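What follows is a single structure, written as structure tokens, with notes after it.
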Amino acid sequence: MEQSRRRQRLFFQRGKCEELSWNSNLWKIAGGILYFCSVPSIAEIYASPPIGQLLKVEGWIRTRRTTRTVSFVELQDGSTLKALQLVLSHEKISLDRIEATLHTGASIAVWGILRSTPDRPQPFEIEVEDFILYGEADPTTYPLQKKAHSLEFLREISHLRPRTRTFQAIFRIRSGLSFAIHQYFQERGFVYVHTPILTPSDCEGGGQLFQVTTLALEALPRHPDGRIAYEKDFFGRPAYLTVSGQLEGEMLSMGLGKIYTFGPTFRAEPSHTPRHLAEFWMIEPEMAFYDLDMTMDLAEDFLQFLTKAILQRHREELEFLREHYEEKLIHELEKVAESRFIRLSYTEAIDILNKSGKSFQFPTSWGSDLQAEHERYLVEEYAGQPVIVYNYPKEIKAFYMRQNDDGRTVAAFDVLFPRIGEVIGGSQREERYEQLLRRMEERGMDPFPYQNYLDIRRYGSVPHSGFGLGLERFLLFLTGMTNVRDVIPFFRSAGQMA
RNA sequence: GCCCGCUUAGCUCAGCGGUUAGAGCAUCUGGCUGUUAACCAGAGGGUCGCAGGUUCGAAUCCUGCAGCGGGCGCCA
């Protein structure tokens with residue numbers, strides 16, 4: 001911006017005017033003098049309006065309103081949720097040309113002077129000298145209109161929904177959140193590591209995996225006994241898409257100290273809910289020498305840092321989403337950013353639920369997992385703010401979580417948020433070789449695929465901990481959306497590839 | 001995987017056994033002293049998701065299927 005404005009102040013040679021083309025930033029005025037136009041984004045114009053200057057602006061048409069002598073176009077270019085009003089005098093630009101081309105969704109470049117309009121709803125507008133059409137948008141078939149559309153409808157046109165302010169706001173917040181996540185960890189000495197996407201084992205045994213193969217599915221090579229001949233597959237053995245980078249993250253943290261992963265994760269579970277995706281993004285920090293309390297402190301500080309970052313850096317987007325989707329959005333974010341999370345041991349949580357006087361669909365008793373209705377009660381009725389539940393019964397948690405001295409609980413924790421439930425799950429890991437092996441045997445797990453994972457307990461093992469944050473679920477909280485399909489650009493879920 | 005709901009014009013929806021299926025917005029046409037979801041008038045636009053059944057008669061009732069949405073489970 002600064003550079004292009006300086007350029008505009010330079011003088012240029014006299015000469016004949018070039019034909020306007022899409023990449024032309026020249027403009028001829030009376031006398032045949034050629035000027036360079038600056039080509040600011042709409043965000044730059046709002047940040048520092050170059051009133052009275054000749055500009056070239058490019059974007060997509062949001063709406064057009066035509067009166068007898070003049071037409072108004074609202075132009076958006078993605079740089080801000082705000083639109084730029086263009087004024088087209090029918091004396092300069094024929095009404096026929098306007099009506100033939102300037103429809104909602106069409107893309108154009110305009111040249112014109114920025115005029116201040118202090119007595120109008122918008123602060124300024126472009127008095128258009130001329131425009132060119134990049135791409136038309138036939139109004140009889142273009143799906144988007146100037147009126148609001150349902151999120152369900154927009155899900156069917158995932159290639160066009162980035163044209164809406166709703167999705168511009170969401171994807172800007174998603175971008176800002178990703179940046180803030182890196183910022184938080186980088187400023188605190190964490191190393192960003194890339195754990196593999198292709199994995200050899202169905203680690204954790206729980207989630208269903210997507211199998212990856214180069215074998216011809218219609219003619220699988222088989223052994224005489226009918227087994228599939230995986231030695232002919234690409235890796236010489238079965239391969240899958242990762243369901244978590246945690247096990248590799250632990251190995252990396254045993255050398256690098258504090259690490260985090262931030263990447264895609266794949267689950268082949270046919271869950272038809274507003275909270276599940278087959279491909280989603282997860283952040284998994286893993287810290288050597290961290291116990292459960294330190295990790296819960298980190299998780300709370302992390303979530304508050306991210307929430308504050310979005311409040312500070314994405315006010316415009318939050319205001320838009322608050323106005324159109326969730327009245328309490330900013331209020332909720334501020335509350336989370338400011339107040340300490342309530343910490344309850346699992347045993348305390350069960351006690352509170354038992355004494356609540358509520359009749360739950362699933363009864364609460366020590367040893368059973370907390371259901372969605374229980375989490376909702378704890379967060380929304382009991383605490384009124386985020387809750388961390390820790391020290392769960394070992395039977396309902398994963399094999400790698402560290403056993404507590406009581407013999408019946410593990411050092412696990414979940415962070416429960418208003419509206420979205422569990423946003424973080426984490427634990428101190430079992431760093432003692434014998435205990436880990438015994439846990440796996442109790443569960444009937446074959447330790448063979450976990451030799452490397454066990455090995456790091458044999459050589460220089462240390463107490464360590466980590467957690468996982470589901471990016472899309474946290475984005476539900478930050479944006480006020482209620483379906484994870486609306487916070488990822490192109491969703492993949494059971495039976496659907498947007 | 002289990003349960004519930006929805007599917008009518010490009011979009012959002014009304015009609016829920018009885019003439020030729022409606023509204024707003026969008027589109028098109030005309031009008032309008034610069035509009036702000038502009039406004040005013042008019043026009044075009046529908047195999048009422050698909051298949052079958054009940055009935056003198058089905059958008060409407062029943063069955064199956066499909067798609068979408070939601071609740072629960074699993075989880076992040």
Side-chain angles (χ1 to χ4, degrees), chain A residues 62-74 82-90 95 99-100 103-105 115 117 119-123 125 127 137-157 160 164-165 204 206-208 243-246 264-284 324 360-362 368-376 396-398 414-417 420-426 467-477 482-488 493-496 498:
Chain A
R62 189 183 291 165
T63 73
R64 190 193 80 215
R65 297 178 288 273
T66 291
T67 66
R68 199 164 63 89
T69 58
V70 71
S71 289
F72 301 92
V73 167
E74 283 185 31
K82 293 197 264 296
L84 178 66
Q85 174 155 292
L86 313 176
V87 187
L88 296 92
S89 158
H90 298 163
L95 187 56
E99 293 193 325
H103 300 114
T104 295
R115 300 291 188 199
T117 54
D119 52 344
R120 301 281 175 198
Q122 71 284 354
E125 61 194 22
E127 189 182 306
D138 181 347
T140 63
T141 59
Y142 185 61
L144 292 172
Q145 294 167 12
K146 59 169 97 178
K147 291 209 52 153
H149 294 280
S150 68
L151 294 169
E152 290 84 356
F153 172 66
L154 293 170
R155 262 171 233 155
E156 296 168 10
I157 49 169
L160 292 173
T164 66
R165 282 185 293 174
E204 295 190 44
Q208 296 176 45
V243 295
S244 166
Q246 183 198 313
T265 295
F266 307 88
R267 307 262 169 107
E269 278 149 18
S271 305
H272 283 104
T273 83
R275 296 173 303 282
H276 288 83
L277 292 167
E279 176 184 283
F280 63 98
W281 286 64
M282 197 153 61
I283 296 92
E284 295 177 291
H324 291 87
F360 296 109
Q361 187 190 341
F362 292 86
S368 61
D369 206 355
L370 298 181
Q371 305 294 322
E373 58 179 344
H374 306 143
E375 297 181 353
R376 216 172 295 124
I396 61 173
K397 287 292 180 182
D414 287 343
V415 182
L416 311 178
F417 258 42
I420 58 167
E422 180 185 336
V423 67
I424 275 181
F467 62 79
L469 169 71
L471 186 75
E472 285 77 16
R473 292 211 178 155
F474 189 41
L475 276 168
L476 292 184
F477 173 72
T482 56
N483 190 315
V484 287
R485 296 178 185 118
D486 296 329
V487 297
I488 189 167
S493 59
Q496 292 181 309

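Chain naming here is simple, since letters A, B, ... match the order of the sequence lines and numbering starts at 1 in each. For clarity, every value in this text was computed on a predicted model and none was experimentally measured.
Between the P atom of B/rA76 and the CZ atom of A/Phe280 lies a distance of 7 Å, rounded to the nearest Å. Distance, A/His149 NE2 to B/rA26 C1': 9 Å, rounded to whole Å. Look at CD on A/Glu279: it is 17 Å from C1' on B/rC75, rounded to the nearest Å. Summarising the geometry, the separation between CD on A/Gln145 and P on B/rG10 is reported as 11 Å, rounded to the nearest angstrom. Straight-line distance from the CD atom of A/Glu472 to the P atom of B/rC75: 19 Å, rounded to whole Å. Rounded to whole Å, atom P of B/rA76 lies 14 Å from atom CD1 of A/Ile420.
Among residues two or more places apart in sequence or in another chain, the side chain to side chain contact (heavy atoms under 4.5 Å, CB included) test is passed with A/His90 by A/Thr66, A/Ser71, A/Leu95, A/Ile98. Legend: residues meeting side-chain hydrogen bond (donor to acceptor under 3.5 Å, both in side chains) with A/Gln496, ordered by chain and number and at least two apart, are A/Arg485, A/Ser493. With sequence neighbours left out, the side-chain hydrogen bond (donor to acceptor under 3.5 Å, both in side chains) criterion links A/Gln371 to no other residue. Contacts of A/Glu422 classified as side-chain hydrogen bond (donor to acceptor under 3.5 Å, both in side chains), with partners at least two apart in sequence or in another chain: none. Partners of A/Asp138 under the side-chain hydrogen bond (donor to acceptor under 3.5 Å, both in side chains) rule, at least two apart in sequence or in another chain, are A/Thr140. Residues meeting the side chain to side chain contact (heavy atoms under 4.5 Å, CB included) test with A/Ala498, sequence neighbours left out: A/Ser158, A/Phe491. Every residue two or more places apart in sequence or in another chain that forms a ring pair (Phe, Tyr, Trp, His ring centres under 6.0 Å) with A/His149 is listed here: A/Phe153. In this structure A/His324 satisfies the ring pair (Phe, Tyr, Trp, His ring centres under 6.0 Å) test together with A/Phe320, sequence neighbours excluded. Contacts of A/Pro139 classified as side chain to side chain contact (heavy atoms under 4.5 Å, CB included), with partners at least two apart in sequence or in another chain: A/His103.
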Would you list the protein and nucleotides 65-74 of chain B atom pairs, both N or O, that sit under 3.5 Å from each other?
| residue | atom | partner | partner atom | Å |
| --- | --- | --- | --- | --- |
| B/rC68 | OP1 | A/Gln496 | NE2 | 2.9 |
| B/rG69 | OP1 | A/Arg155 | NH1 | 3.2 |
| B/rG70 | OP1 | A/Asn483 | ND2 | 3.1 |
| B/rG70 | OP2 | A/Asn483 | ND2 | 3.2 |
| B/rC72 | OP1 | A/Arg376 | NH2 | 2.7 |
| B/rG73 | OP1 | A/Gln371 | OE1 | 2.3 |
| B/rC74 | O2 | A/Ser271 | OG | 3.1 |
| B/rC74 | N3 | A/His276 | NE2 | 2.7 |
| B/rC74 | N4 | A/His276 | NE2 | 3.4 |

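Aromatic rings from A/Phe360 and A/His374 are positioned such that their centres are separated by under 6.0 Å.
Here the separation of B/rG18 from B/rG57, taken at their P atoms, is 15 Å to the nearest Å. Going from the P atom of B/rC25 to that of B/rA21 covers 23 Å, rounded to whole Å. Across the P atoms, B/rG67 and B/rG22 are found 33 Å apart, a figure rounded to whole Å.
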Fill in the blank from the handout: Each nucleotide of nucleotides 4-9 of chain B classed B (base within 4.0 Å of a protein heavy atom), S (only sugar-phosphate) or -, in 5' to 3' order, makes ------
Exercise for the section: Summarise protein proximity over nucleotides 28-41 of chain B in one line of letters, 5' to 3': B for base, S for sugar-phosphate only, - for none, counting protein heavy atoms closer than 4.0 Å. Expected result: S---BSBBBBB---
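Once rounded to the nearest 0.5 Å, the distance linking CZ of A/Arg275 with CG of A/Leu476 reads 9.5 Å.
Residue contacts shown for A/Leu144 are absent, as no nucleic acid heavy atom lies under 4.0 Å away.
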